[in-house]
There are 2 protein chains.
Amino acid sequence: MARSTASYALTGKRAVSDEVRARVRQAALELGYTPNAGARALATSRSNVIGLLAQFLPDEFAPAMLQYLQGVTDTARDLGYDILLSSDSDGPGALKRITDSRMVDGVVLLNVAEDDDRLPVLRAAAQPGALVGLPRDCTGVDVFDLDFEEAGRAMVEHLARLGHRELILVSQPEHVVERGGAYVWRLQNAAVQAAAAKGVVLHTVFGAATQPDIGRDLHALLDAHPGATGLLLNNEAAAAALPTVLRSRDIESPADLSVIGRYSDEFARTFSLPYSSIESAPDRLGRMAVRQLVRRIENQVPDGDPYVVRFVHPELVDRGSTAAPTSASRQ
Amino acid sequence: MARSTASYALTGKRAVSDEVRARVRQAALELGYTPNAGARALATSRSNVIGLLAQFLPDEFAPAMLQYLQGVTDTARDLGYDILLSSDSDGPGALKRITDSRMVDGVVLLNVAEDDDRLPVLRAAAQPGALVGLPRDCTGVDVFDLDFEEAGRAMVEHLARLGHRELILVSQPEHVVERGGAYVWRLQNAAVQAAAAKGVVLHTVFGAATQPDIGRDLHALLDAHPGATGLLLNNEAAAAALPTVLRSRDIESPADLSVIGRYSDEFARTFSLPYSSIESAPDRLGRMAVRQLVRRIENQVPDGDPYVVRFVHPELVDRGSTAAPTSASRQ
DNA sequence: CTGAAAGCGCTTACAG
DNA sequence: CTGAAAGCGCTTACAG
């Protein structure tokens with residue numbers, strides 16, 4: 001029997017008689033045969049590996065990152081791909097290396113900044129790329145992100161509907177914005193607009209990303225705005241710190257203060273957070289990015305199919321931390 | 001010029017005249033040449049990739065896992081290796097696939113259980129493996145783990161030295177033990193022995209891994225043992241939940257209760273934990289595993305070098321949560 | 001339905 | 001110090 005026949009019998013890329021196929025499979029099983037990945041990659045120009053470019057930032061909370069990883073690795077495996085993980089601080093360099101060497105068939109970029117310096121490298125690469133996070137310029141890549149504008153609107157409108165008239169929005173620290181985290185602005189601007197439209201007073205502030213600073217920030221805010229009856233958190237550290245702050249001030253939620261955060265359900269569980277939140281869906285974003293990337297790799301996208309920019313609709317997970325303001329609120 | 005000369009000029013595996021080397025490098029730079037990874041792997045039988053077999057368990061806390069990942073990826077990169085990440089729930093299957101196909105030159109196993117079902121596959125593989133976590137049988141692999149026995153002793157002896165006579169040890173939940181987390185026993189048994197030796201009463205219990213159960217567990221324990229003046233936590237969920245429990249009971253640490261945990265500094269920061277702890281050093285363990293693995297891969301271990309089982313010495317990070325018991329303690 | 005051959009892009013003995 | 005060739009282990013047109 002020819003090598004080629006054996007190959008066809010195993011890959012199924014050509015019809016093979018039942019008898020031959022059975023014999024080949026039997027032999028493969030007995031010998032424990034597994035194709036050599038390097039040789040196959042060389043012959044097919046396909047590695048069946050997806051590059052995952054993450055950055056483990058010190059002020060980023062681990063649960064969200066792990067959920068991205070989980071969504072990406074699980075989906076890739078389901079679709080027949082392995083994951084090459086890079087957390088190199090030199091993102092562009094790492095990206096160039098793994099694409100130029102053809103180690104990967106495509107690439108998922110996590111934590112994409114507004115002017116991400118990995119994007120020029122990605123556009124110059126031969127492989128397709130999918131992003132989690134919205135850059136200024138989306139040409140040539142598929143983009144997935146939470147709809148932060150809708151999230152900002154939804155938070156404000158939810159509380160306005162309940163009758164709140166003065167709210168506080170705590171955003172991520174300014175240095176997150178400075179390194180390109182435009183989602184902070186996207187949420188905040190939309191919240192400000194929605195507040196204006198509803199005639200609601202909205203105080204906005206950048207909070208710290210770590211304890212004990214964020215605790216102090218929260219205390220100062222509550223001191224400064226005694227009339228505020230609702231708190232919006234686009235800052236995971238603030239959400240994690242809030243239970244302690246409220247307890248020490250003897251503030252009950254939602255009786256005295258309505259609270260809405262923006263984080264994943266997994267995050268809420270990790271920190272036992274009792275606050276309703278806009279689900280940030282990291283696992284879902286990772287899953288969507290890989291799905292689309294694989295479609296590109298395998299040319300399942302209709303020719304000339306335009307690149308997509310897809311926003312995940314923010315779902316409000318109700319944990320009972322919002323209610324109509326009472327006359328007793330925050331006095 | 002021959003292809004071979006260009007290859008030698010780039011890899012430096014053979015002497016090449018200065019002039020030729022310069023020309024080759026120049027050309028490579030201009031053309032943006034990067035060797036094809038698959039072809040190189042086929043020719044050298046080396047992929048320069050390390051497989052990382054993690055499992056994202058639902059009751060595992062994300063910060064520790066991320067620190068392992070960070071230690072492993074950073075060290076691998078420093079040594080010239082990329083990381084193939086698998087979080088496949090079918091660990092043995094994934095391991096067999098990536099080793100048989102020669103995608104990886106070696107493998108790091110995280111979260112190794114006492115009778116880990118990945119170990120037979122690893123021993124049958126052609127590539128070396130390094131473990132984080134201590135299995136019953138260490139033959140044929142390099143093993144790295146925290147010295148949990150010393151950790152158990154150190155916790156008890158530290159508090160005994162301060163004059164405590166009745167302690168509580170909260171371990172991980174029983175199902176962690178059941179899936180092979182023998183470190184729970186290792187710490188607990190050593191703690192029990194040390195307590196006996198010092199004439200200290202030690203109550204041991206398995207705590208839940210999630211809120212609100214673990215909070216209830218802690219309340220019940222403090223109710224059941226009103227004479228206990230020290231709390232030892234080999235359970236990250238318990239550590240995260242403790243501040244709330246103590247506050248609601250108006251217990252101050254260390255004035256009313258001394259507390260020592262076992263978790264990483266990063267974990268302490270994530271949850272703003274004020275308790276002294278035995279550092280579990282996940283990043284360091286990841287780093288050690290990769291270092292030794294690369295030495296094996298590159299045959300830098302003296303021939304016949306025995307496999308190592310190395311325990312990281314537990315360091316007590318003092319956050320001021322232990323003190324001598326006062327007459328006022330816990331009454 | 002099957003075989004014989006070429007070729008993927010490197011590295012590395014073998015010659016000189 | 002350099003060249004010409006073989007070979008790594010697959011896949012896939014090309015023939016039949």
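Basis for what follows: all heavy atoms, side chains included, without hydrogens, waters or symmetry-related copies. Lettering of chains follows the sequences in order, A, B, ..., and the numbering in each one begins at 1. Note that the coordinates shown come from a computational prediction; the quantities given were computed from them, not determined experimentally.
- Not one side-chain nitrogen or oxygen of B/S45 sits closer than 4.0 Å to the OP1 or OP2 atom of D/dC8.
- The CZ atom of A/R46 sits 24 Å away from the P atom of D/dG9 (whole-angstrom rounding).
- Rounded to an integer number of Å, the gap from CG of B/D100 to C1' of D/dC10 is 16 Å.
- For the pair B/D105 CG and D/dC8 C1', the interatomic distance rounds to 15 Å; values are reported in whole Å.
- Rounded to whole Å, atom P of C/dC8 lies 12 Å from atom CG of B/N36.
- In this entry the distance linking CE of A/M103 with P of C/dC8 reads 22 Å, nearest Å.
- The residue among B/T5 and B/L42 whose nearest nucleotide of DNA chain C is located toward the 5' end is B/L42.
- Comment: A/R186 does not engage A/D147 in a salt bridge, judged by the lack of any side-chain N to carboxylate O separation of less than 4.0 angstrom.
- Listed here is the closest heavy atom pair of B/G133 and B/V112: O-CB, 3.8 Å.
- Comparing D/dG7, D/dT12, C/dG7 by their closest approach to the side chain of A/T44 singles out D/dT12.
- A salt bridge links A/R179 with A/E60: at least one charged nitrogen is closer than 4.0 Å to a carboxylate oxygen.
- Where B/E19 and B/A39 each meet DNA chain D at their nearest nucleotide, the meeting point lying more 5' is that of B/E19.
- In this structure, B/R40 places its CZ atom 19 Å from P of C/dC8, rounding to the nearest Å.
- Pair assignment for C/dA13 gives none, since no Watson-Crick or G-U wobble pairing has each distance under 3.5 Å.
- Contact of the A/V143 side chain with the A/Y307 side chain is not registered, since no non-hydrogen atoms from C-beta on lie closer than 4.5 Å.
- The residues B/R291 and B/D78 are annotated as not salt-bridged, no charged nitrogen and carboxylate oxygen being separated by less than 4.0 angstrom.
- Between B/N48 atom CG and C/dT11 atom C1' the separation is 13 Å, expressed in whole Å.
- Across all strands shown, D/dA4 forms no Watson-Crick or G-U wobble pair with both key distances under 3.5 Å.
- Residue A/Y33 contributes atom OH, which lies 6 Å from atom P of D/dT11 at whole-angstrom precision.
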